[in-house]
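Let me begin by presenting the structure, written as structure tokens, before commenting on it.
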There are 2 protein chains.
Amino acid sequence: MARWEPNASGRLTEAAMELFAERGYGKTTVEDIAARAGLTERTFFNYFTDKREVLFAGSEHFVKQVVDAVRAVPKSSAPLDTVIWAYESTNDFFEERRPFARKRSALIAAHPELQERELVKMMSLAAAMAEILKERGTSASAASLAAEAGLAVLRVGFEQWVKDTKDRSLVFHLRAARRQLEAVVDRAKKGARAG
Amino acid sequence: MARWEPNASGRLTEAAMELFAERGYGKTTVEDIAARAGLTERTFFNYFTDKREVLFAGSEHFVKQVVDAVRAVPKSSAPLDTVIWAYESTNDFFEERRPFARKRSALIAAHPELQERELVKMMSLAAAMAEILKERGTSASAASLAAEAGLAVLRVGFEQWVKDTKDRSLVFHLRAARRQLEAVVDRAKKGARAG
DNA sequence: TACACCCATTGCAGTTTCTGTCATCAGGAG
DNA sequence: CTCCTGATGACAGAAACTGCAATGGGTGTA
């Protein structure tokens with residue numbers, strides 16, 4: 001028999017999500033979270049560097065998945081295509097976790113402290129993408145712009161996906177967002193020439 | 001004669017920037033900052049809600065300036081043009097403060113905690129932009145994308161501006177970034193059709 | 001069976017961030 | 001001269017985080 005209940009980190013995350021939903025992030029102490037998970041405050045900080053980090057456990061794993069996906073894209077693809085394709089490759093991952101993703105997303109939306117952390121995570125993802133694009137021969141500034149524009153598509157697409165009452169796929173929303181981006185940039189380009 | 005030295009908040013920001021540069025953010029306590037500014041820790045927290053906020057003092061003011069600039073753009077302009085034009089309108093503001101902006105930018109780049117705060121500030125700026133675009137009749141998703149794409153242009157342009165050894169203007173770099181964005185999106189559009 | 005070792009968990013003390021509350025006191029308004 | 005205002009500070013306390021050392025089942029080894 002095991003000495004301790006398994007999956008301590010998972011239990012902490014679960015407990016944290018429950019408590020944040022019940023009382024809010026600010027009114028939940030780390031001790032509360034640890035107690036509900038049957039652990040102590042000290043153990044919480046053995047697993048997470050931060051109170052915030054408890055909602056961002058698998059993020060390195062996720063970044064790795066996306067980065068690996070990029071490496072599989074032929075180098076001939078346009079940078080923005082490469083980035084968006086990598087995001088599309090996470091479709092199944094999220095589709096399997098839609099309810100969880102919705103809860104988590106609502107929590108983050110409701111708490112500025114968590115938004116901060118979410119944003120750095122996404123930007124570091126974008127930075128990783130830009131890095132790979134550069135490795136693959138894209139110029140530095142084009143790589144940055146493709147990565148950040150791709151991020152805009154991901155953010156808007158993801159937001160729509162979470163809100164979608166018809167439960168259409170992430171890929172569906174990413175493509176819609178991408179078309180929007182094209183339209184928005186195109187319209188500006190023509191407008192700039194005309195005006 | 002004044003009872004206290006004037007500009008307490010400015011002195012705190014100045015002291016903080018010095019100390020962060022000397023010892024780093026983590027090794028500087030709020031008490032240190034307050035002491036160097038000739039004040040107490042409690043007074044620091046009367047001015048700033050946060051240790052981090054000390055580097056983001058004028059941000060509401062800045063957002064207001066940009067927002068006001070947007071309102072002056074004719075409604076006929078394309079959303080992305082509107083956003084970028086608003087950023088261009090801050091050219092003089094930054095040009096006058098280039099050395100300060102460089103120092104500040106270096107500090108933020110060196111400290112993840114400060115990057116977090118910077119990102120929320122920029123995203124709230126983008127959200128404000130999206131809001132105005134919607135007021136002006138742009139669809140919700142197009143507004144979000146124009147705002148976020150505009151932000152990408154701002155971020156990349158600003159980064160170049162800070163790094164530029166030739167001291168070219170912010171507007172110069174924003175326009176370059178904007179052309180890059182157009183090229184990147186355009187190339188993807190054509191690539192997607194072909195492939 | 002006995003022993004040594006491993007390591008997830010914990011206890012504890014200490015620093016730092018941040019909050020709430022109340023006291024102080026110079027200068028302006030009346 | 002008094003009252004009020006608003007910037008400042010003193011104090012106490014909660015909560016976040018860190019460093020260090022101890023516990024005590026599990027597991028492998030003799």
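Chain letters run A, B, ... following the sequence lines, proteins first, then strands; residues in each count from 1. This structure is a prediction, so every number in the text was calculated from the model and none was measured.
Residues A/Arg36 and A/Glu22 are paired through a salt bridge, judged by an N-O separation under 4.0 Å between the basic side chain and the carboxylate.
Cation-pi contact between B/Lys51 and B/Tyr25: present, with separation from the ring centre below 6.0 Å and deviation from the ring axis of at most 45°.
Residue contacts shown for B/Asp50 are limited to sugar-phosphate atoms, with no base heavy atom under 4.0 Å away. Residue A/Glu41 is in base contact, counting any heavy-atom pair closer than 4.0 Å across all strands shown. No contact: A/Ser9 has no heavy atom under 4.0 Å from any strand.
The NZ atom of B/Lys27 sits 15 Å away from the C1' atom of C/dT15 (whole-angstrom rounding). Distance B/Glu5 CD to D/dG6 C1': 18 Å, rounded to the nearest Å. Rounding to whole angstrom units, CZ of residue A/Arg23 and C1' of D/dA15 are separated by 14 Å. Atom P of nucleotide C/dC18 and atom OH of A/Tyr25 are separated by 11 Å, given to the nearest angstrom. The distance between atom CG of A/Asp32 and atom C1' of D/dA16, rounded to the nearest whole Å, is 13 Å. Per the geometry, CG belonging to A/Asn7 stands 15 Å off C1' belonging to C/dT9, to the nearest Å. For the pair A/Glu31 CD and D/dG13 C1', the computed distance is 15 Å after rounding to whole Å. When the C1' atom of C/dG20 is taken as reference, atom CZ of B/Phe44 falls 18 Å away, rounded to whole Å.
Contact check for A/Gln115 versus B/Glu116: no side-chain heavy atoms found under the 4.5 Å cut-off. Two residues are said to be in side-chain contact when any heavy atoms from C-beta on lie closer than 4.5 Å; B/Phe94 and B/Tyr87 fail this criterion.
Between the side chains of B/Asn46 and B/Thr43, no donor-acceptor pair is found at a separation under 3.5 Å.
Distance from the side chain of A/Phe45 is smallest to D/dT18 among D/dT8, D/dT18, C/dC18. Closest to the A/Thr40 side chain, of the nucleotides C/dA8, C/dG11, D/dA10, is C/dG11. The nucleotide whose nearest atom lies closest to any side-chain atom of B/Leu39 is, among C/dG11, D/dA16, D/dT8, D/dT8. For A/Arg42, taking side-chain heavy atoms from C-beta onward, the closest of the listed nucleotides D/dT18, D/dA16, C/dT9 is D/dT18.
With hydrogens and angles ignored, a donor-acceptor pair under 3.5 angstrom links the side chain of A/Arg3 to the base of D/dG25.
Residue whose closest nucleotide on DNA chain D sits further toward the 5' end, between B/Arg11 and A/Val30: B/Arg11. Mapped onto DNA chain D by nearest heavy atom, A/Gly26 and A/Asn46 fall at different nucleotides, with A/Gly26 at the one closer to the 5' end. Both B/Thr49 and B/Trp4 lie close to DNA chain C; mapped to their nearest nucleotides by heavy-atom distance, the more 5′-ward contact belongs to B/Thr49.
OP1 and OP2 of C/dT9 both lie 4.0 Å or more from every side-chain N or O belonging to A/Thr43.
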